[in-house]
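When a residue number appears, it is its place in the shown sequence, counting from 1.
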Amino acid sequence: MAGRALAGIGFFLVATLLFGIMDALIKHLTTDYGTWQIMFFRASFSLLPIGLLIMLTGGISSLRTKSVTAHAARSLMGVAAAYGFFFAFGVMPLADVYAIGFAAPLFMTALSVPVLKEKVGWRRWLAVLVGFGGVMVMLRPGQGMFSLLALIPLAAAFFYALSMLFVRALSRTETNGAITFYFVTTMGVISGICMIPGWRTPDATGLALLALVGVVGGLAQIVFTQAFRLAAPSLLAPFEYVAMIWAAGFGYIFFAEVPDTAIWTGCAIVAASGLYIIHRETVLHRQAVLVTGSHAENTL
């Protein structure tokens with residue numbers, strides 16, 4: 001088990017690196033291409049590795065679904081999140097977008113109550129409030145345009161959290177291949193229509209980079225999925241914040257971006273709050289397992 005867990009962590013770290021590379025490519029491409037066009041190529045070319053995954057894990061039959069409406073809701077929320085993040089990469093430093101995007105786990109905890117009817121105790125509510133305090137540090141209320149721009153990745157984090165709640169519900173009956181396939185297909189159709197007014201024909205280099213965004217994104221999704229097959233989400237979640245290292249590094253090397261003190265301070269507060277929420281969910285899960293086990297023993 002320890003070997004599987006370590007392998008899962010390794011896959012997860014590789015996935016965060018691949019996503020970081022993809023996001024750096026997106027930021028570079030936003031200088032020449034519109035957000036919808038980049039999303040279209042991201043969706044279209046990611047179908048290559050995702051299609052291979054589907055064929056290796058059940059084929060077409062694995063795409064059968066019991067909840068078309070849930071897939072549609074998850075996909076629409078995911079498209080909204082992707083648009084927000086992709087657009088933000090073009091107007092904000094990479095690390096800033098990542099740091100604000102870390103508010104997603106806080107949104108997930110808060111939204112799990114009305115969406116999934118889950119119970120959230122006062123400790124986790126307090127952690128959510130502290131975390132949003134960190135978000136406010138990064139948003140810098142009262143500083144004009146930056147605050148308005150910073151609302152874009154914050155809104156994207158909100159939609160991402162909603163989409164992940166639908167994924168949590170869908171994972172009970174649907175395959176990973178189906179969840180991913182219907183999302184990228186929806187993103188491809190919507191972005192394909194929306195990109196028409198602002199279409200710009202790419203040159204050879206642009207086409208190669210646009211295709212690379214999709215392939216790298218698809219590979220990242222596969223590696224990401226494999227990580228969760230090998231290790232528990234509670235074990236992997238703390239390593240998500242390693243993505244901030246990739247974002248800061250790529251931002252500095254390729255775009256001469258240096259996150260300021262407010263971003264690092266707010267990010268630290270949000271990360272601490274997120275880690276505490278993960279800790280509480282792990283503790284509660286173990287308690288539930290113990291109670292269930294004790295109940296089972298008493299019925300024998």
Side-chain angles (χ1 to χ4, degrees), residues 8 11-12 14-16 18-19 22-23 26 39-86 101 104-105 107-109 111-112 114-118 156-192 213-237 239-240 243 278 281 285:
F11 275 107
F12 191 80
V14 171
T16 63
L18 290 173
F19 279 124
M22 181 193 75
D23 293 338
I26 290 170
M39 287 176 63
F40 174 77
F41 280 91
R42 159 70 172 93
S44 299
F45 282 89
S46 67
L47 283 173
L48 296 176
I50 290 172
L52 178 61
L53 172 66
I54 292 171
M55 297 310 297
L56 295 176
T57 56
I60 300 299
S61 61
S62 67
L63 298 180
R64 292 174 182 168
T65 177
K66 298 180 180 179
S67 184
V68 175
T69 55
H71 274 294
R74 176 271 189 271
S75 297
L76 291 175
M77 294 302 101
V79 169
Y83 183 87
F85 282 126
F86 284 24
F107 282 127
M108 287 182 66
T109 300
L111 291 170
S112 65
V115 176
L116 298 181
K117 310 302 179 185
E118 295 181 352
F158 175 82
F159 286 117
Y160 175 78
L162 269 178
S163 72
M164 288 301 99
L165 290 177
F166 279 105
V167 168
R168 184 185 297 179
L170 283 166
S171 63
R172 300 167 185 165
T173 59
E174 310 291 306
T175 65
N176 289 331
I179 295 172
T180 305
F181 174 80
Y182 291 122
F183 164 58
V184 296
T185 301
T186 301
M187 183 164 70
V189 172
I190 293 175
S191 60
V213 165
V215 173
V216 171
L219 289 174
Q221 191 65 53
I222 292 173
V223 176
F224 184 79
T225 301
Q226 182 63 17
F228 280 91
R229 289 184 185 277
L230 296 173
S234 59
L235 177 63
L236 297 176
F239 293 95
E240 183 174 353
I278 294 165
E281 290 181 347
H285 175 72

Interatomic spacing from [atom1] in [X] to [atom2] in [Y] - rounded to 0.5 Å:
X	Y	atom1	atom2	result
Thr109	Phe107	OG1	CZ	11.0 Å
Met108	Leu165	CE	CG	5.0 Å
Leu47	Arg42	CG	CZ	9.5 Å
Ile222	Thr180	CD1	OG1	8.5 Å
Phe86	Ile26	CZ	CD1	3.5 Å
Leu76	Thr186	CG	OG1	6.5 Å

Would a 4.5 Å heavy-atom cut-off, applied to side chains only, mark [X] and [Y] as touching?
X	Y	result
Glu240	Thr16	no
Leu230	Phe11	yes
Phe19	Gln221	yes

Which heavy atom of [X] sits nearest a heavy atom of [Y], and at what distance?
X	Y	answer
Ala43	Ser46	O-OG, 2.9 Å
Gly101	Ala157	O-CB, 3.8 Å
Ala70	Phe166	O-CD2, 4.2 Å
Ser62	Thr175	O-OG1, 2.8 Å
Leu111	Ala161	CD1-CB, 4.3 Å
Ala220	Ala15	O-CB, 3.9 Å

- Under 3.5 Å, is there a donor-acceptor pair linking the side chains of Thr65 and Glu174?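 Judged by distance alone, the side chains do pair up.
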
- Is there a donor-acceptor pair under 3.5 Å between the side chain of Ser44 and the backbone N or O of Phe41?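 Looks like no, no N/O pair under 3.5 Å.
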
- Evaluate the side-chain contact (heavy atoms from CB on, under 4.5 Å) criterion for residues Ser61 and Leu63: first the C-alpha distance (whole Å), next the side-chain angles of each, then the deciding distance (0.1 Å), finally the verdict. CA-CA 5 Å; Ser61 61; Leu63 298 180; over 6 Å; no

- Take the angle between the ring planes of Phe224 and Phe12 and call it parallel below 30°, perpendicular above 60°, tilted in between.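 Rings of Phe224 and Phe12: tilted, 30 to 60°.
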
- Task: May I have the step-by-step check of side-chain contact (heavy atoms from CB on, under 4.5 Å) for Arg74 and Met164, ending in yes or no?
- Result: CA-CA 8 Å; Arg74 176 271 189 271; Met164 288 301 99; 4.0 Å; yes

